[in-house]
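What follows is a single structure, written as structure tokens, with notes after it.
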Amino acid sequence: MSGPPDEPGPPEEPGHPDEPGPPAEDRWHMIRRRALTLLIIVLLIGIPAGYLVISANQSRDSGRQKEAKYAATGMTEGWPSKLQRRIYEVPVPVPSEEVAYYETNNWRTSRLYVQFETTVAGLDAFLAGLGLDRDALRPQKIAISDRAQQVTGWEFGGPGPWWGLVHEQRDPAPTQDVVVNMANPDYPMVYVVSHTVP
């Protein structure tokens, strides 16, 4: 026996002809809307990315200029190792900027050339590390030799005032020749040549 035939459900009501549907978007409006969306996305992503690229290039160019400047004189940008600072007794203070160094060794004398810009407190800490204080500095004393200036490219004829000292110690302890540029008294620039007999 077969069951009763499926009864048809209620008929679907046709839409009211009086209700207008959403207007169809013509091709021009669609292209314009997509272009505007794309422009907004490009601006939101592209502008910050552009700034990052420019900043990175400027930083890289600055680093290359510093490398070229130091390479021309043999100086290496950065801090000498802890071992070098200990052997040559050059206590580079924290904070310090513009730090660079160069080491030479031969059978007679070993030398470490160091430069750094620091604060007033940093200068005092550096001098204290040598067992000295500010009174040891003498005005217009260029304690670093012409030969050492040629090796490093340092020039002590520019605007000063310049202060200097020689911290002489008996061998094998190193002797330090120090020149300080106080043109900016808040951020003195310090130049040191420490030499020792191996």
Are [X] and [Y] connected in the hydrophobic side-chain network, where two residues link if heavy atoms are under 4.5 Å apart?
X: L137; Y: Y187; result: no
X: L38; Y: L44; result: no
X: L39; Y: I31; result: no
X: V151; Y: W107; result: no
X: L36; Y: L43; result: no

Could you grab the distance from atom [atom1] of [X] to atom [atom2] of [Y], nearest 0.5 Å is fine?
X: E97; Y: F116; atom1: CD; atom2: CZ; answer: 12.5 Å
X: D124; Y: D133; atom1: CG; atom2: CG; answer: 8.5 Å
X: E155; Y: N181; atom1: CD; atom2: CG; answer: 12.0 Å
X: R170; Y: T175; atom1: CZ; atom2: OG1; answer: 11.5 Å
X: L123; Y: E117; atom1: CG; atom2: CD; answer: 12.0 Å
X: I87; Y: L112; atom1: CD1; atom2: CG; answer: 9.5 Å

Does [X] use its side chain to pair, donor to acceptor, with the backbone of [Y] at less than 3.5 Å?
X: R138; Y: D135; answer: yes
X: T152; Y: A148; answer: yes
X: Q115; Y: E98; answer: yes

Mind listing the closest non-hydrogen atom pair of [X] and [Y] along with its distance?
X: R85; Y: P80; answer: NE-O, 2.9 Å
X: P93; Y: A125; answer: CB-CB, 4.4 Å
X: T118; Y: P95; answer: OG1-O, 2.8 Å
X: A143; Y: V179; answer: N-CG2, 3.5 Å
X: V120; Y: P185; answer: CG2-O, 3.1 Å

field: E77 and V99: CA distance, side-chain angles, deciding distance, side chain to side chain contact (heavy atoms under 4.5 Å, CB included) verdict
entry: CA-CA 6 Å; E77 182 184 4; V99 182; over 6 Å; no

Just wondering, do W154 and M75 contact through their side chains at under 4.5 Å, heavy atoms?
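A side-chain contact exists here, since the closest heavy-atom pair is under 4.5 Å.
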
Could you check if a side-chain atom of H167 sits within less than 4.5 angstrom of a side-chain atom of V178, using non-hydrogen atoms only?
->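 Not touching, per the 4.5 Å side-chain cut-off.
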
Strictly by modelled atom types, are Q84 and E103 linked by a side-chain donor-acceptor pair under 3.5 Å? yes

(request) Start with the C-alpha gap between T104 and T109, add the side-chain angles, then the distance that decides, and say whether side chain to side chain contact (heavy atoms under 4.5 Å, CB included) holds. (result) CA-CA 8 Å; T104 61; T109 309; over 6 Å; no

R134 atom CZ, over 12 foreign heavy atoms within 6.0 Å | yes

Would one find more than 12 heavy atoms of other residues, nucleotides or ligands at under 6.0 Å from atom CD of Q169?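 Yes, enclosed.
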
Legend entry - Evaluation steps, side chain to side chain contact (heavy atoms under 4.5 Å, CB included), between L165 and K141: CA-CA 7 Å; L165 65 86; K141 181 173 177 64; 5.5 Å; no

For Y101, which residues count as a ring-ring contact (aromatic ring centres under 6.0 Å, His included) partner, sequence neighbours excluded?
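Partners of Y101 under the ring-ring contact (aromatic ring centres under 6.0 Å, His included) test: none.
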
W162 meets the ring-ring contact (aromatic ring centres under 6.0 Å, His included) criterion, sequence neighbours left out, with F156

Can you give me every donor-acceptor pair (side chain of residues 188-198, partner residue at least two apart or in another chain, under 3.5 Å) with its distance?
{"unit_1": "S194", "atom_1": "OG", "unit_2": "Y88", "atom_2": "O", "d": "2.6"}
{"unit_1": "H195", "atom_1": "NE2", "unit_2": "D177", "atom_2": "OD2", "d": "3.0"}
{"unit_1": "T196", "atom_1": "OG1", "unit_2": "P172", "atom_2": "O", "d": "2.8"}

